[in-house]
Amino acid sequence: MSESSFQDDVLGELGDDKLTEIAGLLGTDTAGAKETVAETVGAMTGDLQQKAAADDADGAEVRQAFAEVAEPPLEGVAAFGGLGGLLSGGMMAGVLAKVSKPVANAVSKKTGIPAATISRVIEMLIPVVLAVLAKRASGKAQGAGAAGSGAPGAGAAGAAPGTLGTPGAAPGTSPAPGGGLGDLLGQILGGGKK
C-alpha cells in the first residue's frame, strides 16, 4: 500500500553490518535478527503513537519530540553520527530511551528473548530510528506544504523544509482538527489514526 513501512526503512538504514552485529547479539541468523528488529521497531512505534495520543505530560513530551524532529536541524543521517545517537538526537532520543524498557519487556514476552538482550538491541536501534524519523519528517514536511497542511501560507514553507507553515504556527500546535502534528506523526511512523 505505502512505498515502504517504517520497519523496512529502519532495516534499510541499519545495513548489513549492524544487522549481522544484532544477529550475533541475539544468537541467530540475519533473518532472525530482521524479525526481531521489525518486532521491536513495531512495538516502539506503537508505543510512541499511543503515548502521543494521550492527553497527559507523556503525550505532550512525545508530541513535542515529534515537532522537534520535524524541524530542519535534525534532517539527515549525518546529524546522528559521531556522538552516539542519544547525545545528538535531542528530545526524541530521550523519549525513545524512556519507552525502551517497556518495549523490551513486551518484545521479550512475545519472542522469548531476554529483555536485557532486547534492551541492547534497542540501544543499537535508537540512532537508526532517529535517522529514519528525521528523514521521513523532512520528506513529509517538504511534501506537506500545500498538500498536507491546508494552511494558507503553506506554499512558502518550501523555502524552509520542516516548517509546516509560519514560524508562529509550530508543528505541534496546528489548530486544524485532524491535521497538524497528528497527521505528521502518522505519516512519519507509516501508520495513521485508525
Is the shortest side-chain heavy-atom distance between [X] and [Y] below 4.5 Å?
{"X": "Leu19", "Y": "Lys34", "result": "yes"}
{"X": "Val95", "Y": "Lys51", "result": "no"}
{"X": "Ile22", "Y": "Val37", "result": "yes"}

**Message:** Quick one, Lys18 with Glu21, criterion salt bridge (Lys or Arg N to Asp or Glu O under 4.0 Å). Give me CA distance, side-chain angles, the key distance, then yes/no.
**Reply:** CA-CA 5 Å; Lys18 282 288 188 190; Glu21 188 177 340; 3.7 Å; yes
Gap separating the [atom1] atom of [X] from the [atom2] atom of [Y], nearest 0.5 angstrom:
{"X": "Ile122", "Y": "Thr117", "atom1": "CD1", "atom2": "OG1", "value": "11.0 Å"}
{"X": "Lys110", "Y": "Glu39", "atom1": "NZ", "atom2": "CD", "value": "4.0 Å"}
{"X": "Leu96", "Y": "Glu123", "atom1": "CG", "atom2": "CD", "value": "12.5 Å"}
{"X": "Leu125", "Y": "Ser119", "atom1": "CG", "atom2": "OG", "value": "11.0 Å"}
{"X": "Leu133", "Y": "Ile126", "atom1": "CG", "atom2": "CD1", "value": "11.0 Å"}
{"X": "Lys135", "Y": "Asp9", "atom1": "NZ", "atom2": "CG", "value": "8.0 Å"}

Determine yes or no for a side-chain-to-main-chain donor-acceptor pair under 3.5 angstrom, with [X] supplying the side chain and [Y] the backbone.
{"X": "Glu13", "Y": "Val132", "result": "no"}
{"X": "Ser108", "Y": "Ile113", "result": "yes"}
{"X": "Arg63", "Y": "Ala54", "result": "yes"}

Looking at [X] and [Y], what are the two nearest heavy atoms and their distance?
{"X": "Ala23", "Y": "Thr30", "result": "CB-N, 4.1 Å"}
{"X": "Glu68", "Y": "Met92", "result": "OE2-N, 3.9 Å"}
{"X": "Val128", "Y": "Val10", "result": "CG1-O, 3.6 Å"}

**Request:** Step through the shown structure and confirm whether more than 12 heavy atoms of other residues, nucleotides or ligands are within 6.0 Å of CG on Asp16.
**Result:** no
**Item:** Val99/Val62 under side chain to side chain contact (heavy atoms under 4.5 Å, CB included): CA gap, chis, key distance, verdict
**Value:** CA-CA 10 Å; Val99 301; Val62 172; 6.0 Å; no
